[in-house]
Each structure stands twice: as structure tokens, then as C-alpha cells.
Student: 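Sharing a structure with you now.
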Amino acid sequence: MSAYKKIDCDIVELDYLIKAFKLLGFDAEIHAEPKNLRGFKNDLRFEKASIIIPKEQINFFTGASNDIGFNWNESSQKYDMIISEYDKKLKMDIRIIQAYLKVLLEEELDKNGFKIKININDEDFLKRNIDELNITARKII
């Protein structure tokens, strides 16, 4: 049984986070009250989250995962990610953060009139390993 870890993230926009989940093929559960996360054997864990990506969806990337959760941290005004050591070892935290940044940058640059060129298309986010994300933005004034 993998232990869960809390990871401080720079994720602040729920809309972009939900879009990042969709980019990865996840349909997250959003709860008014935090719910217990489940381990890979479907066991209820002590850790709770308000936003949960079910382990069955994460299995697409890892084969045998645990739920991944997110909670709003009032003091830092950011989301904390709750992820198992197993899923962290398989870089699911990085994959989610990359998807979040891709969505955030694309939308914010587009709102400000920039033309965007990205080295990774949406389908590539469904591959197992993504080493880097390059985004080039250009605005003609």
C-alpha cells in the first residue's frame, strides 16, 4: 500500500484544472464535502479530497493506481494535490501540472491576442511519457 503525500502546487484556477483533467481523459468528481480517497485495492484511505480523479481513470496511464485528490488551501490560495508515492513515481503529478499549464497558457495567451505554437498536441498528452512542453507565442502589434 503506497503512502499518500501532499504536494503544494501553483494551481489556482479550478476551470483550467478541470480542462486539464479533460485533456488527459479524466472526468473528476467534485464534492462539496471532502471524501476519502481509495487505494489500488479499492480500500478507503484516511486522506480526503474535494476533487477526486478516480483510480480507474488513472490506470490508463499507470496500470494500477490510487485515487488522486485536490483540496483548496485557504492560506496559500492554491490547490494541494494528494497523490500516492506509486503514482508520483510514475510522474502523474507532473503530467497533471503540465496539462494544467498547457491549458492555462493557451487560453491566457489567446485572450491577449497571441498566436500560439506548441510542440505537443492534445493527443500526445495521452502517451505515457512527456519529457518537455515547449510553447511559443507571438503577437504582431
Side-chain angles (χ1 to χ4, degrees), residues 1-140:
M1 174 167 27
S2 292
Y4 272 98
K5 295 180 173 200
K6 182 180 92 168
I7 299 175
D8 298 327
C9 301
D10 285 330
I11 295 175
V12 296
E13 295 290 335
L14 179 59
D15 290 342
Y16 293 153
L17 182 59
I18 300 301
K19 288 178 182 180
F21 293 154
K22 298 249 184 256
L23 176 61
L24 294 167
F26 300 150
D27 186 19
E29 302 168 357
I30 300 177
H31 304 280
E33 294 295 320
K35 303 285 183 197
N36 291 84
L37 298 176
R38 294 175 301 138
F40 78 100
K41 292 183 180 178
N42 223 26
D43 52 314
L44 285 181
R45 305 297 289 273
F46 172 75
E47 294 81 3
K48 293 183 177 188
S50 297
I51 302 169
I52 299 173
I53 306 169
K55 64 186 186 67
E56 293 83 5
Q57 296 174 29
I58 300 163
N59 285 345
F60 174 80
F61 293 105
T62 63
S65 289
N66 305 279
D67 288 348
I68 295 176
F70 291 82
N71 286 315
W72 180 251
N73 184 323
E74 201 59 47
S75 63
S76 69
Q77 294 291 294
K78 299 176 184 177
Y79 283 94
D80 293 330
M81 183 186 307
I82 304 168
I83 187 168
S84 70
E85 290 176 341
Y86 175 81
D87 293 317
K88 183 163 177 36
K89 184 174 101 178
L90 294 175
K91 300 182 179 180
M92 285 307 302
D93 56 332
I94 293 170
R95 184 180 298 274
I96 292 167
I97 291 168
Q98 281 180 334
Y100 174 80
L101 289 172
K102 182 178 187 292
V103 169
L104 178 133
L105 289 171
E106 284 179 336
E107 293 207 10
E108 290 299 317
L109 288 168
D110 186 56
K111 282 181 195 175
N112 288 290
F114 285 86
K115 299 294 179 200
I116 306 161
K117 181 180 176 187
I118 301 170
N119 71 325
I120 297 173
N121 62 31
D122 290 353
E123 293 78 30
D124 288 336
F125 268 88
L126 298 178
K127 294 181 181 176
R128 286 193 173 257
N129 295 312
I130 299 170
D131 292 330
E132 62 182 42
L133 174 64
N134 293 319
I135 297 177
T136 304
R138 181 175 70 166
K139 185 175 185 179
I140 299 173

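Scope of the values below: all heavy atoms of this structure, side chains included, with no hydrogens, waters or symmetry mates.
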Student: Report the C-alpha separation of Trp72 and Ile51 in whole Å, then their side-chain angles, then the decisive distance to 0.1 Å, and conclude whether the side chain to side chain contact (heavy atoms under 4.5 Å, CB included) test is met.
Tutor: CA-CA 9 Å; Trp72 180 251; Ile51 302 169; over 6 Å; no

Student: How about Glu106 and Lys102: do any of their side-chain heavy atoms sit closer than 4.5 Å?
Tutor: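 Yes, their side chains come closer than 4.5 Å.
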
Student: If the threshold is 4.0 Å, N to carboxylate O, is there a salt bridge linking Glu56 and Arg38?
Tutor: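 So Glu56 pairs with Arg38 through a salt bridge.
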
Student: Between atom CG of Asp110 and atom CG of Leu105, what is the distance when rounded to the nearest 0.5 Å?
Tutor: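 Output value for this atom pair is 12.0 Å.
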
Student: If you take all heavy atoms of Ser65 and Ile58, which pair is closest and at what distance?
Tutor: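 Minimum heavy-atom separation between Ser65 and Ile58: OG-CG2, 3.2 Å.
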
Student: I need the Leu90 CG to Ile83 CD1 distance, nearest 0.5 Å.
Tutor: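 Leu90 atom CG to Ile83 atom CD1 measures 9.0 Å (nearest 0.5 Å).
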
Student: Examine distances only and state if a side-chain atom of Tyr79 and a backbone atom of Leu14 form a donor-acceptor pair shorter than 3.5 Å.
Tutor: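 Not a single qualifying donor-acceptor pair exists.
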
Student: Supply the atom-to-atom distance Leu37 CG to Lys55 NZ, rounded to the nearest 0.5 angstrom.
Tutor: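 One finds 12.0 Å between CG of Leu37 and NZ of Lys55.
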
Student: Report yes or no: does Tyr100 contribute a side-chain atom to a donor-acceptor pair with the main-chain N or O of Glu13 at less than 3.5 Å?
Tutor: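 Present.
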
Student: Contact between Met81 and Ile68 at the side-chain level, heavy atoms closer than 4.5 Å - yes or no?
Tutor: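 Answer yes - side chains close enough.
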
Student: Does a salt bridge link Glu85 with Lys88, judged by any charged N lying under 4.0 Å from a carboxylate O?
Tutor: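 No.
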
Student: Report yes or no: does Tyr86 contribute a side-chain atom to a donor-acceptor pair with the main-chain N or O of Phe40 at less than 3.5 Å?
Tutor: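 No: the side chain of Tyr86 does not pair with the backbone of Phe40.
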
Student: Measure the spacing between CD1 of Ile7 and CD1 of Ile97 and express it to the nearest 0.5 Å.
Tutor: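 That separation rounds to 6.5 Å.
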
Student: So, Asp80 side chain and Asp8 main chain: donor-acceptor pair closer than 3.5 Å or not?
Tutor: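 It does not hold such a pair.
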
Student: Does Leu104 offer a backbone N or O that forms a donor-acceptor pair with the side chain of Glu107 under 3.5 Å?
Tutor: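 It does not hold such a pair.
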
Student: Specify the closest pair of heavy atoms between Glu29 and Pro54, including all atoms of both residues, with the distance to one decimal.
Tutor: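 Answer, listing the atom of Glu29 first, then Pro54: OE2-CG, 3.5 Å.
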
Student: So, taking the atom named CD1 in Ile96 and the one named CZ in Phe21, what distance separates them when rounded to the nearest 0.5 Å?
Tutor: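 Going from CD1 on Ile96 over to CZ on Phe21, the span is 6.0 Å.
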
Student: Distance-only, no hydrogens or angles: does the Gln57 side chain make a donor-acceptor pair with backbone N or O of Asp27 under 3.5 Å?
Tutor: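 Yes, Gln57 side chain to Asp27 backbone: donor-acceptor pair under 3.5 Å.
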
Student: Using every non-hydrogen atom in the two residues, find where Val12 and Gln77 come nearest and quote the distance to one decimal.
Tutor: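 Nearest heavy atoms, Val12 then Gln77: CG1-O, 3.4 Å.
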
Student: Which heavy atom of Cys9 sits nearest to which heavy atom of Lys78, and what is that distance?
Tutor: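 Scanning both residues, the minimum pair turns out to be O-CD, 3.1 Å.
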
Student: Is there a donor-acceptor pair closer than 3.5 Å between any side-chain N or O of Asn36 and the backbone N or O of Lys48?
Tutor: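 No; zero donor-acceptor contacts below 3.5 Å.
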
Student: Can a donor-acceptor pair be found, under 3.5 Å and without considering hydrogens, that links the side chain of Asp87 to the backbone of Asn66?
Tutor: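 Flag set: sc Asp87 to bb Asn66 pair under 3.5 Å.
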
Student: How many angstroms lie between NZ in Lys22 and CG in Leu17, if you round to the nearest 0.5 Å?
Tutor: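 Rounded to the nearest 0.5 Å, the NZ-CG separation comes out at 11.0 Å.
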
Student: Is the shortest side-chain heavy-atom distance between Ile18 and Ile30 below 4.5 Å?
Tutor: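 The answer is yes, as the side chains (C-beta and beyond) meet within the 4.5 Å cut-off.
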
Student: What closest approach, in Å, do Pro34 and Ser50 show between heavy atoms, and which atom pair accounts for it?
Tutor: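 Residues Pro34 and Ser50, closest heavy atoms: CG-OG, 3.6 Å.
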
Student: Closest heavy-atom contact between Leu23 and Ala99?
Tutor: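 Where Leu23 meets Ala99 most closely, the heavy atoms are CD2-CB, 3.9 Å.
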
Student: My understanding is that only residues two or more places apart in sequence, or in another chain, count here; which of them pass ring pair (Phe, Tyr, Trp, His ring centres under 6.0 Å) with Phe26?
Tutor: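 Phe26: ring pair (Phe, Tyr, Trp, His ring centres under 6.0 Å) contacts with Phe61.
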
